[in-house]
Amino acid sequence: MKSPRWQFSSTDETVVQALHGALGIDPLLCRLLAQRGVTNFNEARAFFRPSLDELHNPFLMRDMDAAVERLDDALQRGERILLYGDYDVDGTTSVALMYAFLSGFYRNLDYYLPDREKEGYGVSLASVEYARETGATLVIAMDCGIKAHEAVARARGYGIDFIVCDHHLPEGGLPEAVANLDPKRPDCDYPFKELSGCGIAFKLAQALALHNNMPPEELDDLLDLVAVSIACDIVPMAGENRILARHGLQRLNHSPRVGLWALINRINRHFPLNITDLVFGLGPLINAAGRLGDARDAVRLLLSSDRNSALDHAGALVRRNRERREVDYAMADEARRRFTEAPDWETRRSIVLYNPEWHKGIIGIAASRMSEAFHRPSVILTHSNNRAVGSARSVPGFDLYAALQACEDLFYSYGGHAHAAGMQMPVENLEAFAERFETIVGQNLNEESEHPVIDICSRIRLDEVTEKFWHTLRQFEPFGPDNRNPVFCAERVVDTGHSRVLDNNHVRLSLRQADGQRVITGIGFGLAEVFCELKSRPFDVAFNLRNEHWRGETVLAMQAKAFRESEKV
């Protein structure tokens with residue numbers, strides 16, 4: 001692992017002073033607000049008190065009128081409606097949300113999630129045949145569908161209409177659906193472009209509720225699902241996403257649906273949960289259903305109404321996730337070994353590995369682990385349906401999607417965005433792809449991007465880390481892209497003598513500044529080796545703040561991100 005580069009955020013200090021005068025809070029907190037584009041009292045109030053009243057009118061989204069009209073007609077006529085979603089967290093929460101909403105007043109519903117291994121991503125032709133065989137005349141596709149030209153055309157030939165709720169970029173025009181709800185389509189003027197797939201499903205539910213004069217409170221029960229999707233799909237935590245995530249977390253922490261309660265119970269998470277708990281606690285369990293089995297199991301859990309059966313479903317997902325982890329770690333170890341055995345591995349700028357025995361449901365995780373370990377764009381591929389199927393992950397500063405576009409003549413298909421993508425290609429094209437991808441990365445990945453970067457918002461003294469400071473900082477939540485959990489830098493800290501090394505290169509910390517009294521405890525994951533090299537002299541620590549739960553008590557603690565030797569004074 002390369003040493004991280006410490007990068008301090010720039011801040012307009014005149015804005016900081018103006019905010020301090022208007023709000024009367026710690027100047028450091030005003031600096032964090034300024035870094036988020038907040039410049040005055042009214043903007044600060046909206047930031048600290050995001051309201052559901054600030055959500056945009058769903059009918060501002062292109063095709064929403066047509067979507068509501070077709071859905072309302074189906075409901076009035078008693079048509080069979082099939083809800084279709086991708087097999088990941090965003091897709092399963094989308095299906096659960098729409099089913100939970102519609103089933104409150106309608107019964108002729110069904111849902112379908114594709115088999116990752118047999119059908120792959122997107123709207124499969126098998127699902128269209130299922131819709132025809134079961135008598136569905138309307139399909140609502142969520143978290144996918146905007147590229148499903150063939151599937152939608154076939155359905156249309158059978159007299160089956162589609163409503164697409166997607167948040168991916170269209171390609172080759174739009175499918176022949178009754179409505180294509182996607183803020184990223186070029187002709188859509190919807191004010192917020194970064195909704196999750198489940199977020200767009202929520203906007204459809206919101207529009208139908210408005211159309212039928214339903215009280216807006218009828219939708220409140222759905223917000224916990226939207227929050228889970230926003231967290232786990234890593235969409236920007238700004239605009240509508242931040243509003244929905246804030247209120248969804250409140251719902252989850254005060255009155256979670258039975259299925260989510262069961263998951264939380266099975267993994268012993270402490271309330272209140274935050275975004276990190278959703279991403280690393282609930283998300284992997286929900287994903288495990290589709291990675292190593294049937295994604296419908298996750299939907300069944302999310303729709304549970306009985307606590308005992310929900311606990312059984314949740315226990316099954318915990319076991320499946322444990323199995324996933326075993327496969328995941330074994331694959332990651334093998335990938336690291338194979339890469340470092342190559343004679344030129346240290347000079348290669350990219351990673352491309354293929355093994356026909358690797359599990360298709362795990363290759364994305366393996367690609368992420370390789371990118372994190374070596375800080376290079378990584379592509380992990382396996383064999384499926386007589387072709388090489390791959391998952392790719394990028395590093396900051398490198399546009400993965402643009403790189404794949406330059407290789408599109410080698411693919412059957414590909415898709416994704418700048419940070420993550422997937423592709424399918426003939427096995428015989430693997431070598432040509434690996435070399436071309438290496439050339440593209442070498443030409444476009446600058447030297448600075450080859451090192452992980454720690455973005456630090458501000459220097460801080462440990463004496464300033466008080467409960468009052470933490471209480472206000474918590475109001476910046478929920479954290480995520482575009483509203484990152486602030487990383488602080490405390491300089492010239494020393495070990496109190498009570499720090500200790502744990503298993504797996506982790507370290508339990510007890511630190512104070514060399515000229516201070518305040519002691520902060522915490523954890524440094526994977527940092528024990530670096531800590532032991534530095535602990536005999538003053539060093540700097542980059543860290544987040546968090547609550548730690550220990551023996552029934554909650555304490556304010558740090559989570560160290562990196563250490564470095566302090567400059568000599």
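FYI, the numbering just counts along the sequence from 1. Since the structure is predicted, the reported quantities are computational estimates derived from the model, not experimental observations.
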Go through the steps for L52 and H247 under the test side-chain contact (heavy atoms from CB on, under 4.5 Å), then give the verdict. CA-CA 8 Å; L52 292 171; H247 289 273; 3.8 Å; yes
When rounded to the nearest 0.5 angstrom, what distance separates [atom1] in [X] from [atom2] in [Y]?
X: L75; Y: L102; atom1: CG; atom2: CG; value: 6.0 Å
X: T39; Y: L33; atom1: OG1; atom2: CG; value: 10.0 Å
X: E491; Y: I460; atom1: CD; atom2: CD1; value: 12.0 Å
X: Q513; Y: D540; atom1: CD; atom2: CG; value: 9.0 Å
X: L527; Y: Q559; atom1: CG; atom2: CD; value: 9.0 Å
X: S255; Y: D224; atom1: OG; atom2: CG; value: 7.5 Å

Under 3.5 Å: donor-acceptor pair, side chain of [X], backbone of [Y]:
X: S229; Y: D90; result: no
X: K360; Y: R116; result: yes
X: H419; Y: L400; result: no
X: N253; Y: P272; result: no
X: N321; Y: L317; result: no
X: Y190; Y: D182; result: no
X: S51; Y: D53; result: yes
X: S391; Y: G422; result: no
X: H498; Y: S510; result: no
X: N241; Y: E194; result: yes

Validation row: [X], [Y] side chains within 4.5 angstrom (heavy atoms):
X: L282; Y: I267; answer: yes
X: M214; Y: L219; answer: no
X: H168; Y: K184; answer: no
X: L32; Y: L473; answer: yes
X: L273; Y: I264; answer: yes
X: L82; Y: L109; answer: no
X: P284; Y: R324; answer: yes
X: V299; Y: Y111; answer: yes

Apply side-chain contact (heavy atoms from CB on, under 4.5 Å) to the pair L249 and L223, showing each step before the final yes or no. CA-CA 8 Å; L249 274 170; L223 292 172; over 6 Å; no
Work out which heavy atom in [X] is nearest to a heavy atom in [Y]; give both atom names and the distance.
X: G145; Y: V164; answer: C-CG1, 3.7 Å
X: Q35; Y: C457; answer: NE2-O, 2.9 Å
X: V465; Y: R518; answer: O-NH2, 2.5 Å
X: L509; Y: G524; answer: CD1-N, 4.1 Å
X: Y87; Y: A295; answer: CB-CB, 3.7 Å
X: M98; Y: A201; answer: CE-O, 3.3 Å

Residue pair [X] / [Y], side-chain donor-acceptor N/O under 3.5 Å:
X: S371; Y: S378; answer: yes
X: R393; Y: S368; answer: yes
X: Q7; Y: D455; answer: yes
X: H167; Y: D143; answer: yes
X: W470; Y: N547; answer: yes
X: S499; Y: D495; answer: yes

Does a salt bridge link [X] with [Y], judged by any charged N lying under 4.0 Å from a carboxylate O?
X: R508; Y: E548; value: yes
X: R369; Y: D328; value: yes
X: D277; Y: R269; value: yes

So does R461 have more than 12 non-hydrogen atoms from other groups sitting under 6.0 Å from CZ?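 Check passes, neighbour count above 12.
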Considering residues, nucleotides and ligands other than F280, do more than 12 of their heavy atoms fall under 6.0 Å from its CZ?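 Counting other residues, nucleotides and ligands, CZ of F280 stays at 12 neighbours or fewer.
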Taking the ring centre of each residue, are F48 and F476 less than 6.0 Å apart?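 F48 vs F476: aromatic centres under 6.0 Å.
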Ring centres of F192 and H56 under 6.0 Å apart?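 Centroid distance F192-H56: not below 6.0 Å, so no.
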Report yes or no: is the cationic atom of R242 (NZ for Lys, CZ for Arg) under 6.0 Å from the centre of the six-membered ring of F479, at an angle within 45° of the ring normal?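 No cation-pi geometry.
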Report yes or no: is the cationic atom of R564 (NZ for Lys, CZ for Arg) closer than 6.0 Å to the six-membered ring centre of F539, at no more than 45° off its axis?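 No, R564 does not sit over the ring of F539.
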Can you list the steps and then say if V493 with R512 is a side-chain contact (heavy atoms from CB on, under 4.5 Å)? CA-CA 5 Å; V493 303; R512 64 174 177 81; over 6 Å; no
Please assess L55 against K203 for the test side-chain contact (heavy atoms from CB on, under 4.5 Å), listing each intermediate value before the final yes or no. CA-CA 10 Å; L55 294 176; K203 299 305 291 190; 4.2 Å; yes
Applying salt bridge (Lys or Arg N to Asp or Glu O under 4.0 Å) to R31 and D26, what does each step give before you reach the verdict? CA-CA 9 Å; R31 186 168 292 113; D26 191 315; over 6 Å; no
